[in-house]
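The structure appears below as structure tokens.
Protein chains get the first letters and strands the later ones, always in sequence-line order, with residue 1 at the start of each.
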There are 4 protein chains.
Amino acid sequence: MSAADPSRGMPDRTDAVLRATLELAREVGYARLSIEGIAARAGVGKHTVYRRWPSKGAVFLDALLSTLKADLSYPDTGDIVADLRTQMNAARTLLGSDSYGPLYAALVGEAQHDPAITQAVYERWIKPLSDGTRERLRKAREQGQLSAEHDLDTIVALLYGPLYYRFLLIPGDYDAAFVDAILHAAFTGLSPKPE
Amino acid sequence: MSAADPSRGMPDRTDAVLRATLELAREVGYARLSIEGIAARAGVGKHTVYRRWPSKGAVFLDALLSTLKADLSYPDTGDIVADLRTQMNAARTLLGSDSYGPLYAALVGEAQHDPAITQAVYERWIKPLSDGTRERLRKAREQGQLSAEHDLDTIVALLYGPLYYRFLLIPGDYDAAFVDAILHAAFTGLSPKPE
Amino acid sequence: MSAADPSRGMPDRTDAVLRATLELAREVGYARLSIEGIAARAGVGKHTVYRRWPSKGAVFLDALLSTLKADLSYPDTGDIVADLRTQMNAARTLLGSDSYGPLYAALVGEAQHDPAITQAVYERWIKPLSDGTRERLRKAREQGQLSAEHDLDTIVALLYGPLYYRFLLIPGDYDAAFVDAILHAAFTGLSPKPE
Amino acid sequence: MSAADPSRGMPDRTDAVLRATLELAREVGYARLSIEGIAARAGVGKHTVYRRWPSKGAVFLDALLSTLKADLSYPDTGDIVADLRTQMNAARTLLGSDSYGPLYAALVGEAQHDPAITQAVYERWIKPLSDGTRERLRKAREQGQLSAEHDLDTIVALLYGPLYYRFLLIPGDYDAAFVDAILHAAFTGLSPKPE
DNA sequence: AGTTAAACGAGACGGTACGTCAGGTCTTCAT
DNA sequence: ATGAAGACCTGACGTACCGTCTCGTTTAACT
């Protein structure tokens with residue numbers, strides 16, 4: 001999915017293409033994005049794009065995820081709920097932003113049509129983030145802040161699933177209160193309170 | 001989004017179009033689906049398609065959701081966890097099936113590009129289902145099987161969010177154990193057990 | 001090779017395409033002529049060109065030969081040599097003109113690469129002209145102005161071959177004197193004069 | 001147009017390129033010949049081709065005419081008509097052959113689009129041959145076998161024009177009888193026999 | 001029963017973009 | 001310092017669909 005190694009010296013146009021892709025995607029939306037347009041905007045031949053990426057989705061994925069570099073890392077204040085809240089709100093803010101939200105939505109959309117994108121989205125976006133979450137959860141569990149009886153992957157899904165569910169399937173934005181409600185429900189549990 | 005009323009008598013080709021759409025979608029995938037192809041397969045002029053639906057996504061949505069009619073309704077055995085398990089597994093089975101899973105994924109994908117589809121997916125798929133869930137949850141709460149302190153929408157998101165998260169963002173299938181794990185964690189809560 | 005019959009009433013863009021083809025061919029030359037350019041100049045979709053003609057050469061052939069309609073017909077003054085001289089000079093003038101000469105040369109050039117063009121060039125250009133010549137020669141023979149011992153096709157080749165030979169294979173223009181010389185030699189014969 | 005002198009010792013790839021050009025031209029035809037393909041077939045970089053020749057036509061011209069070396073030279077049996085017949089039939093056989101005919105036709109075709117090719121075709125193919133013809137005709141004239149009243153260039157055109165006319169403009173092969181007919185008509189003349 | 005008007009199949013049309021190919025230039029590396 | 005390799009921009013190729021737009025042609029409801 002990523003560009004090949006140029007190795008043998010030539011002016012690498014990869015960055016120009018990725019930059020143009022992000023610009024265009026923001027201007028006209030993913031649906032009207034085209035390789036033709038990207039090449040023109042980057043001042044590059046179409047072949048130069050096709051040489052590196054097999055599809056419009058692949059260019060877009062590289063363009064978008066190259067901005068994700070070190071954003072959503074994890075804090076560790078010692079309070080697992082507070083740290084989850086911080087990080088989940090960072091994710092919520094990114095996905096809810098006008099400049100990035102629609103692009104991430106479009107990327108997930110494309111992933112539903114193209115298995116290669118599915119895989120890359122998982123490996124370069126979802127997995128790194130859930131790995132970070134899992135690490136933080138592991139530490140919390142060692143410190144006795146987390147029930148030991150649940151699998152860490154299950155917990156990650158329980159916490160982040162609702163976020164993506166709202167993001168992808170429910171029209172309209174959502175705010176920090178939703179994150180709070182999810183965290184509260186997840187930690188408290190749904191079972192009725194014993195007397 | 002739905003077909004108009006034909007009023008003056010003529011053989012309604014709506015069904016033929018929807019049937020052809022589903023067939024083609026299964027054969028070539030949503031990405032290579034085209035209105036041109038649908039019309040040809042249905043033995044219908046392109047205009048007949050455009051008369052009723054504004055876009056390929058809209059035809060596809062009608063075609064797919066017309067099969068959703070009354071599948072995922074709710075049982076009521078008196079045991080809320082058992083009933084949730086039943087229904088969540090029904091959803092898992094549908095989304096995980098070879099014949100429908102990719103189509104629902106494609107529909108969610110299209111929804112990320114087209115606001116009209118987003119809205120229709122919510123109103124005709126997500127909302128009816130979550131309404132059903134909410135009703136069942138309400139009854140359970142009245143019967144004291146559910147903690148009263150959480151919003152019903154929050155609970156729906158907590159339970160179904162993880163399902164869609166796995167479905168849309170994690171490559172590979174998942175089985176009933178995942179549903180069990182989510183239900184168990186959601187009902188138990190993540191907080192450490194008091195001594 | 002020719003455009004299909006439109007029959008069912010629609011605005012026929014054939015003429016617009018042919019006109020644009022001739023214009024462009026004169027402006028940029030046949031080598032740089034392109035179907036893309038023709039369509040753009042004619043204000044027509046590329047498919048509209050491809051629907052009617054299988055190749056750039058075919059469009060060009062139709063465009064060029066549509067101007068040939070009734071030009072090079074035959075006079076009949078009763079003097080076969082004078083009439084041949086008149087007609088051969090008309091051909092020489094047409095092929096030698098700046099506006100048509102290069103186009104006819106290009107058409108012959110294209111015919112060497114594409115059998116369909118070869119055939120069409122023969123049937124719609126060469127054959128009609130040589131048929132006219134043959135008719136005029138036949139009459140002359142009946143009037144005793146022509147030796148009866150030669151095949152008419154041979155005579156046509158003997159008279160027009162040299163013209164095309166100069167046109168296609170010898171750089172530089174030629175004038176009426178060349179036509180005179182050919183006519184004189186052809187009618188006199190190469191054998192040494194008997195005493 | 002010709003390859004540069006390599007002079008300083010290095011493996012001269014000129015021959016490899018010319019050989020590859022002829023092979024490819026015979027396999028796929030001139031129209032689908034490409035410098036890209038020639039370079040690949042010859043195991044040579046594209047630049048190595050462009051360094052020596054300015055265009056595909058130029059390579060092809062060198063490749064084809066390098067086989068013409070000394071084929072069509074002139075016999076001298078003392079009988080001008082017999083010698084012309086011999087040589088014209090040699091030309092007819094070469095141009096009519098399956099392996100060379102289409103290539104020569106393609107070369108003439110290319111000459112109609114590219115003035116540099118036109119010139120080279122004339123200087124390296126047409127002119128040498130017609131020079132040979134003219135020499136033989138001159139000798140015949142000195143021996144009284146030829147009318148003195150016609151220009152030698154006119155005679156060459158009168159004899160060879162019809163051959164190229166048939167070759168380039170009339171579909172279908174032709175045989176020795178055509179050469180005989182042309183020679184007979186040219187020597188006899190078209191004027192009616194005096195009583 | 002004949003009339004009428006819609007919806008229909010067919011498909012041409014001007015377009016946009018596709019993904020491929022070749023053109024010709026230029027740089028790098030190995031010999 | 002030459003030549004093989006091949007990246008690069010350019011531009012045309014021929015194809016596939018887009019969404020709009022006539023065309024006659026059903027066809028069923030209303031005269």
Worksheet item: Tell me: CD1 of I35(D) to P of dG23(E), nearest whole Å?
Response: 5 Å
Practice prompt. Taking only the side-chain nitrogens and oxygens of R13(C), find out if one of them lies under 4.0 Å from OP1 or OP2 of dG14(E).
Written response: yes
Item to complete: Using ring-ring contact (aromatic ring centres under 6.0 Å, His included) as the criterion, point out the one residue from Y30(A), Y104(A), W53(A) that pairs with F60(A).
Response: Y30(A)
Discussion item. Once hydrogens and angles are ignored, does a donor-acceptor distance under 3.5 Å link the base of dG19(F) to the side chain of K46(B)?
Written reply: yes
Fill in: Presence of R52(A) side-chain N/O under 4.0 Å of dC8(F) phosphate oxygens OP1/OP2
yes
Discussion item. Check the orientation of H113(A) and H113(B). Use parallel for under 30°, tilted for 30 to 60°, and perpendicular for over 60°.
Written reply: tilted
Practice prompt. Please tell me which of G45(C) and L33(A) maps to the more 5' nucleotide of DNA chain E, matching each residue to the nucleotide holding its nearest heavy atom.
Written response: G45(C)
Worksheet item: Under 6.0 Å from the CZ atom of R51(D), do we count more than 12 heavy atoms belonging to anything else shown?
Response: yes
Practice prompt. Would you indicate, yes or no, if dG9(E) has its OP1 or OP2 atom less than 4.0 angstrom from a side-chain nitrogen or oxygen of T48(B)?
Written response: yes
Discussion item. With a cut-off of less than 4.0 Å, is there a side-chain N or O of R51(B) near OP1 or OP2 of dA7(E)?
Written reply: no
Item to complete: Measure from CH2 on W53(D) to P on dG3(F) and round the result to the nearest Å.
Response: 12 Å
Worksheet item: Roughly, in whole Å, what's the span from CD in E36(B) to P in dT15(F)?
Response: 14 Å
Item to complete: Would you mind reading off the distance between K56(A) atom NZ and dC18(E) atom P, rounded to a whole angstrom?
Response: 7 Å
Worksheet item: Starting at the 5' end of DNA chain F and moving along, which residue's nearest nucleotide shows up first, V44(A) or Y50(B)?
Response: V44(A)
Worksheet item: Which is it for D98(D) and R26(D) under the salt bridge (charged side-chain N to carboxylate O under 4.0 Å, His left out) test, yes or no, and what are the steps along the way?
Response: CA-CA 9 Å; D98(D) 282 352; R26(D) 265 200 266 266; over 6 Å; no
Item to complete: Let me know the distance between NE2 of H47(D) and C1' of dA22(E), rounded to the nearest Å.
Response: 17 Å
Worksheet item: Just checking G43(B): base, sugar-phosphate only, or nothing, at a heavy-atom cut-off of under 4.0 Å?
Response: sugar-phosphate
